[in-house]
Amino acid sequence: MSDSGAPLTRDAPPARREDGRTAVPRARIRHNDYGPLLPPGLGDWEPRLRVSVVIPAHDCQEALDRTLAGLAAQSYPAHLMEVVVADDGSDPPLRIPEIAPAGTRLVRVPDGRWGRGWARQTGAAAAAGDILHWVDSDMILDREHIEAHMRWHHLASYAVVLGDVRFTPEGAGPGAREVFAAVAAGDAEKLFDGSAPHAWRAGVLDETRWLRDAGATAYRLHSGATTSVPMALLRSVGGVNTALNMGEDTDLGFRLAQAGAVFIPDPQARGWHLGPSTVMLREKEVHRHNWSVLPDFIPDLRWLRTHPRRHWLVPYVHVVVDARGASYEDVRASVDAALAGTVVDVAVTVVGPWAALTGGRRSSLDEPLLDMRLVRNLYGHEPRVSFTEETPHSSAPAPFRLTCPAGWALGADSLAELLKLAESEGYGLLSAVLDEGDEGDEGDGSATGVRAVRLERTAAFARAALVEDAGDLDGAVHELFGSFWVSADDFGVKAAGEAEPVAGDPAKWRAGAARWRRAAERLEAEAESLRAETERLRAEVRELEDGRQRGPLREIIATAMRQGKAG
């Protein structure tokens with residue numbers, strides 16, 4: 001849909017900005033449901049965006065020749081396409097073959113660097129297009145493959161498009177000239193007999209209506225084989241992680257998701273991978289390798305973060321406590337409670353005037369910023385606590401941020417329960433009301449004069465920032481992901497003076513005790529209700545005894561007695 005809420009169609013092309021670059025409509029897509037976007041038919045539209053095809057390659061001249069031959073026959077306008085081959089230390093160095101797109105050039109991974117992460121990032125750094133399109137060096141793309149990708153990018157500025165990859169049997173592939181002729185004629189499929197999709201990928205697409213129902217997990221299908229991403233979005237997340245030689249595509253997909261991306265698989269963007277992939281041939285070994293490194297970068301891999309006391313590079317939840325104007329005791333209560341819950345992969349940022357804490361001579365007990373000094377003393381060597389002067393703009397790549405006013409303490413299970421609700425319903429914002437002032441409009445997820453603990457989904461607020469001009473991020477999040485108000489007390493969030501002590505009380509036992517207390521309160525309320533009902537029935541019995549009703553007296557009395565015993 002367009003900014004006005006109307007569906008985007010092939011009749012709504014991108015406009016030109018004052019700087020000469022192409023401005024793409026900012027479609028308002030809920031979750032990952034790209035269904036409202038209406039892409040034009042292949043060959044039935046006017047492309048305007050420039051695309052850079054980046055091919056990481058290592059010692060694969062013959063395969064690269066075929067890949068470039070297929071790219072030379074693409075339907076997308078040649079003047080809008082460049083190809084960058086990132087040579088990852090090949091010996092002898094790779095060369096540009098006779099059959100290749102006109103705008104093809106080679107770049108080399110810097111000396112001393114190597115691997116897919118470095119190759120991808122080296123190619124991306126050299127690319128000049130509006131859109132970056134990854135292609136592996138053992139891929140052959142159908143004639144309209146690039147065009148199929150690009151039509152989506154003309155409709156939404158945060159689309160990440162996934163090509164449809166089929167895998168061929170092992171064996172020698174066709175020659176470069178044969179590939180060029182077949183692709184140019186639209187007959188690339190005839191080059192391969194017995195090709196098939198990856199079974200796991202096909203299953204995910206089938207279960208999620210081609211990712212429209214995948215929600216926050218759509219990034220799982222992000223792959224470097226043939227995927228395209230807006231250059232601005234790629235740069236906003238820091239590009240490819242050069243430290244990763246395997247799993248770098250999954251890591252990048254996760255970070256793109258936190259930046260607000262929507263993932264769109266296109267069955268018309270057909271391509272063929274020559275032979276099975278490494279994952280298909282050595283799946284257990286690939287998982288053994290990747291699952292040793294990816295848990296640090298991708299908090300969503302919950303089953304790999306089971307250690308009760310591990311510290312992870314990227315937290316699942318980033319907690320922000322504003323210490324400005326608060327007492328040392330209130331800040332300590334909030335920070336300690338956040339660190340002591342059942343959700344262990346948490347990091348805390350404390351906001352305050354830290355630059356004003358100079359190292360010069362001062363009165364140890366009477367300096368103006370004594371409370372801030374004490375907070376800094378207490379957490380200065382705690383690796384999960386950091387300090388900042390202003391509230392961070394974003395908590396990415398952490399998938400959630402929780403803001404908690406100083407002086408309020410999470411219960412041991414508060415964060416876990418809030419996360420459970422947010423994840424089950426896909427909410428972009430949960431607000432747990434602490435105390436109320438003037439009521440606002442709760443329907444759109446915003447309020448004035450109401451203090452609350454806020455659980456924000458990083459991807460939701462990133463998406464809202466991409467599409468919202470008026471500055472009402474909470475309203476945009478409510479529209480695109482949904483938001484909800486709850487009572488802080490129902491989730492065990494208490495004022496510091498009323499909170500359960502943290503010291504000497506393991507989180508799982510405090511959480512269990514809190515659950516039992518809530519259950520006891522519910523049972524007590526039910527018992528009170530039953531007692532009231534018993535009194536009502538006894539009153540009816542007394543009326544019957546007075547002769548006002550002579551119906552089934554014995555049955556009514558028996559019922560009343562049973563209810564009385566239950567109460």
For this session: Could you check Glu468 against Arg28 for salt bridge (Lys or Arg N to Asp or Glu O under 4.0 Å), going step by step and ending with a plain yes or no?
Result: CA-CA 9 Å; Glu468 177 58 31; Arg28 302 176 85 93; 3.1 Å; yes
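Relative orientation of the Phe481 and His31 rings is perpendicular, given thresholds of 30° and 60° on the angle between their planes.
Every pair tested for salt bridge (charged side-chain N to carboxylate O under 4.0 Å, His left out) that includes a residue from residues 422-431 fails, sequence neighbours excluded, so the list is empty. Applying the side-chain hydrogen bond (donor to acceptor under 3.5 Å, both in side chains) rule to pairs touching residues 391-410 yields His318-Ser395, Ser395-Arg401, sequence neighbours excluded.
Residues satisfying the salt bridge (charged side-chain N to carboxylate O under 4.0 Å, His left out) criterion with Asp33, sequence neighbours excluded, are Arg212. In this view, Asp371 satisfies the salt bridge (charged side-chain N to carboxylate O under 4.0 Å, His left out) rule with no residue, not counting sequence neighbours. Taking the ring-ring contact (aromatic ring centres under 6.0 Å, His included) definition, one finds that His222 meets it with nothing, sequence neighbours left out. Applying the ring-ring contact (aromatic ring centres under 6.0 Å, His included) test to Tyr328 and every residue at least two apart in sequence or in another chain returns nothing. Residues passing the ring-ring contact (aromatic ring centres under 6.0 Å, His included) test with Tyr316, sequence neighbours excluded: Phe400. Under the rule for a side-chain contact (heavy atoms from CB on, under 4.5 Å), the partners of His289 that lie at least two apart in sequence or sit in another chain are Met246. Every residue two or more places apart in sequence or in another chain was checked for a salt bridge (charged side-chain N to carboxylate O under 4.0 Å, His left out) with Asp249, and none qualifies. Residues satisfying the side-chain contact (heavy atoms from CB on, under 4.5 Å) criterion with Pro230, sequence neighbours excluded, are Ile131, His153, Leu233. Residues forming a salt bridge (charged side-chain N to carboxylate O under 4.0 Å, His left out) with Asp322 (at least two apart in sequence, or on another chain): Arg324. Applying the ring-ring contact (aromatic ring centres under 6.0 Å, His included) test to Trp200 and every residue at least two apart in sequence or in another chain returns nothing.
Remark: the Thr349 side chain and the Ser386 side chain contain an N/O donor-acceptor pair separated by less than 3.5 Å.
Cation-pi contact between Arg376 and Phe387: present, with separation from the ring centre below 6.0 Å and deviation from the ring axis of at most 45°. Cation-pi contact between Arg288 and Trp291: absent, since separation from the ring centre below 6.0 Å together with deviation from the ring axis within 45° is not met.
A salt bridge links Arg454 with Asp474: the closest approach of a Lys/Arg side-chain nitrogen to an acidic carboxylate oxygen falls below 4.0 angstrom.
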